[in-house]
2 protein chains.
Amino acid sequence: MDTHNRPPTIADVARQAGVSIATVSRVLNGSTPVVGETAERVQEAIRALKYVPRTAARVLASRRTNTIGLLLPEISDAFFSPMLRGIEAAARETGFDLLIHVTGEPSSATRAHPPLGEHNTDGLLIFTESLEVEEIERLHALGLPLVLMHQSVESHEIPTITIENKDGAFRIVDHLIKVHGRRRIVYLRGPERHEDSLWRERGYCEALEANGLPVDPELIRVGAFDRQTAEAAVGEMLKRGVDFDAVFSGDDESALGVLTALQAAGRHVPDDVAVVGFDDVPFAPFLAPALTTVRAPIEQVGREAVRQLVRLIRGEQAEALTLLPTEVIVRNSCGCK
Amino acid sequence: MDTHNRPPTIADVARQAGVSIATVSRVLNGSTPVVGETAERVQEAIRALKYVPRTAARVLASRRTNTIGLLLPEISDAFFSPMLRGIEAAARETGFDLLIHVTGEPSSATRAHPPLGEHNTDGLLIFTESLEVEEIERLHALGLPLVLMHQSVESHEIPTITIENKDGAFRIVDHLIKVHGRRRIVYLRGPERHEDSLWRERGYCEALEANGLPVDPELIRVGAFDRQTAEAAVGEMLKRGVDFDAVFSGDDESALGVLTALQAAGRHVPDDVAVVGFDDVPFAPFLAPALTTVRAPIEQVGREAVRQLVRLIRGEQAEALTLLPTEVIVRNSCGCK
DNA sequence: TATAATAATGTAAGCGCTTTCAGAAAGCGC
DNA sequence: GCGCTTTCTGAAAGCGCTTACATTATTATA
C-alpha cells in the first residue's frame, strides 16, 4: 500500500515486474519488440496491480491526444442520434476517444474560442453552423486536422462530407410533379445560409424548371428546420390564401409542423396538399399519412467524417469532398398508396 | 518564430510578459491574487501569442481532469438526444468537458475495461446496462465519483437518478381502466432486468389490483423497448388469438411496433385496442392516433445527474436517490378525444 | 524607526508517461 | 575467436503545466 493510496503508476508496474519503466511502456504500446517472457511478466504485473495508464501523462509525453473533438451547434431531436452513432462507432473502431461540445448561439462566447481545439484533440469534426469561419481558418492554419460536415468553406481545402442534397430534392420534387401532377409546390427552407437547405432549394428549382414550371418566390418560405416555425409559416400562407397543392419541407422535423398546420386548417394530406420531407428520420413511416421523404444516410456521414479525419491525423491524403447518395422513399404523404 | 513552429507554451507567455510561469498560471487559474497591472500584461501576452493551455499538462500537474465521462450501452433513437442535451448543457455550465463512450453488447470487451475511468475523468455517469456491476464496484471502491442513471446498485450508496416509473405506469393504466373501461391490458416490458421496465411493470400490476383486475401472465410480453420486437410480440398474440383490449407499451419506441402490428391485423386503435406508451418522445403527438403516454423528464434526468456528480467531485454530499416526477399526457390513442 | 505581518512573485520539484540514446547481449560471417 | 550487426533493455531527458515553498516588496504596528 502506498502512503497516499494512490493508483499504481508505470513505476510500480516496472518495480513489480523487475524491469525499467521504458520496457513497461513498450509492452503497453507495442512500439518496440520486447522478449516474450519479459512481456509476460509485465502483463502479469499490470493485472496484479490493476494498472491503468494515466491518459494525461501519455498525451503530454507523446504529444498525441488520441481524441477527436466534435463541435455541434445544438443537439437536435431526430438528426443527432444517427449521426453521433456513426461518429462514435467509427471513433471507437479506430481507437479514438470522442469529446463533444455544443457551441450554441452564433453569438455565444464559446463560438469564438471553443474549449476544443489544438490543445486537447488531434482533430476536429465541425458540423455546420457550429463555428465561425475565421475560427475554422485559424485552426486550419495551425495545422490541426479538420473535417467539415454539411458545410464547405470556400477558401480552403478542408475535407467536407455531405450528401446529395440537390439531387435528392430534384427527384422528390420531380416525383410530385410527374406522378402527382402538382404544380404549385411550396419549399420550406432551413435556417438562413444553411448549406443543406441551399442545395435542396437548388434541386427544387431545377426540378420545376425541368418540368417547365415557374419558380414562384411566394412559394419559398422559411421553415428553419423547426416544427414551430414551419407550422407558423404554413399557417400564415393558408390564412393569406396563397394557392399551393404541395409542400416540400426542408427536413422531416419541420414536416411535422406542416402536417399540424394543414390539419388545423382542415386541408387533407395528400389529397388537398401533398407533403414531402427530407432526411427520413426514424418516425417518418409512422406519421399520418406516412411521410414520403428523401433518405439521408446520416449515420454514414458520421462514419465517413471520422474516416477522413483519421486519415488526416495520420498524415495521409483525405478526400476533398465526399458526397453521399440520397434516395427517395415513397410512402403516402405524396399521394402514393 | 520557434524553430519547430510549435504552439506557444506558458513559458513563452511568461517571457513575453516578463513574469514567471507561476504568475501566468495564477492569472490563468485565478488561484492566487495577482496585481492588476501584472495580470493585464499577462493577458495581453496571451492574446498576442494566441496561447491556449495544453489540457494534458494541466491535468497531469493538477491531478484533475475537468472531464466527466458518460457511459452508454447504445445510442438510441428517441431517448438519447434529450438526455444528452441535458447532460451536455449541465456539464458546460459547470465547466466540465464531456467524454462519451458506448459500451455496446454486454459481452463486449470494452464492458470489462472501458476506456473511461479513473485515469481520464473526474467522475462517471453510468447509464443503465452500460457496465457490469463488478466494474461499477471496482470504480466505486477506488473512490471515483459515480452517478447511476435509471439503475440502482443494491449494495452501494452510489447516487442514482431515475424517474417515477411506477407511479406513471400506475396512473396511465388506471386511466385505461377507469376512463375507458379496459380490462384485458397487455404490458410490453423492456429488456430483461431493465429497471425502468421492472418498475413500470410493478405500477401496471398495482393498477390492475387496485381496480380488482387479475394480473394475467399471458398479457405480459417482451417488447424490449424495440420497434421490431414489439411488433413481433403483438403480431404473435394476435395470431394466437389472445384476448386483449389495450396495450401498455413499455416505451414509445415500441409503441410504434404495436401500432404497426395492430394496423396490419386490421384492428382499430383506439376503438378495438387502446395503445399507450411511456416517455413522450417528440414524435408522440404526431402518430396516428396521437399517442397517449407518460412524460418522462429525460432532459432533466441528464441535468440532475451531472449536478449530483459535480457535487461528488467537489467533495460535497450528494442526494442518494433522485426521483423525477412523471406525468400522464392524454392524447387520442387511449380513446380520449 | 525597527519589526512583524502580509501580499505578491519567483523557484523548482514534481505529475506519469514516451522516446532518444547508449549499452549489453546475442547472433553472424570469416 | 574477432569484429560486426542486430535485438533487446535501461537511463534519463523532457512534455507543459500546478503548487508547495522561498523570497522579496509592502504595509501595519509598536
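In what follows, every chain begins at residue 1, and chains take the letters A, B, ... in the order their sequences are listed.
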(Q) Reading DNA chain C from 5' onward, which residue's closest nucleotide shows up sooner: A:Arg26 or A:Ala11? (A)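 Per heavy-atom nearest nucleotide, the more 5' residue is A:Ala11.
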Is the backbone N or O of [Y] less than 3.5 Å from a side-chain atom of [X], with the two atoms forming a donor-acceptor pair by type?
{"X": "B:Arg26", "Y": "B:Thr32", "value": "no"}
{"X": "B:Thr160", "Y": "B:Ile158", "value": "yes"}
{"X": "B:Gln308", "Y": "B:Glu319", "value": "yes"}
{"X": "A:Thr103", "Y": "A:Leu72", "value": "yes"}

**Q.** Watson-Crick or G-U counterpart of C:dG29, or none if no pair lies under 3.5 Å
**A.**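 C:dG29 is paired with D:dC2.
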Q: Quick one: look up who C:dG10 pairs with, Watson-Crick or G-U, both distances under 3.5 Å, and put none if it's unpaired.
A: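 Base-paired to D:dC21.
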For [X], which contact category applies under a 4.0 Å heavy-atom criterion: base, sugar-phosphate, or nothing?
{"X": "A:Thr9", "value": "sugar-phosphate"}
{"X": "A:Ser31", "value": "nothing"}
{"X": "A:Ile21", "value": "base"}

Q. Once you round it to whole Å, what is the distance between C1' of C:dT9 and CD1 of B:Ile10?
A.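 Distance check: B:Ile10 CD1 to C:dT9 C1' gives 14 Å.
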Q: In whole angstrom, give the distance that lies between atom CG of A:Leu28 and atom C1' of C:dT19.
A: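 So the CG-C1' distance, A:Leu28 to C:dT19, works out to 14 Å.
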Q. Looking only at heavy atoms, what is the nearest atom pair of B:Arg47 and B:Glu40, with distance?
A.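 Scanning both residues completely, I find the closest heavy atoms to be NH2-OE2, 3.6 Å.
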(Q) Testing the basics here: between B:Leu116 and B:Leu99, what is the closest heavy-atom pair and its distance to 0.1 Å? (A)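 Looking at all heavy atoms of both residues, the shortest contact is CD2-O, 3.7 Å.
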(Q) For the aromatic rings, using the six-membered ring if either is Trp, is the centroid distance between A:His119 and B:Tyr51 under 6.0 Å? (A)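 Ring-ring flag for A:His119/B:Tyr51: false, centres at least 6.0 Å apart.
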(Q) Just to be sure I understand the geometry, which residues of residues 54-65 of chain A put a non-hydrogen atom under 4.0 Å away from DNA chain D? (A)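 The answer is A:Leu60, A:Ala61, A:Arg63.
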Q: Answer yes or no: is there an ion pair linking A:Glu118 with B:Lys50, defined by an N-O contact shorter than 4.0 Å?
A: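 Between B:Lys50 and A:Glu118 there is no salt bridge, as every charged N stays at least 4.0 Å from the carboxylate O atoms.
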(Q) Taking B:Asp97 first and then B:Arg92, would you say they form a salt bridge - that is, a charged N and a carboxylate O separated by under 4.0 Å? (A)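 Judged by the 4.0 Å cut-off on N to carboxylate O distance, B:Asp97 and B:Arg92 do not form a salt bridge.
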Q. Can you pull the contact range of chain B along DNA chain D, 5' to 3', using atoms under 4.0 angstrom from its heavy atoms?
A.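 The footprint of chain B covers D:dG16 to D:dA20.
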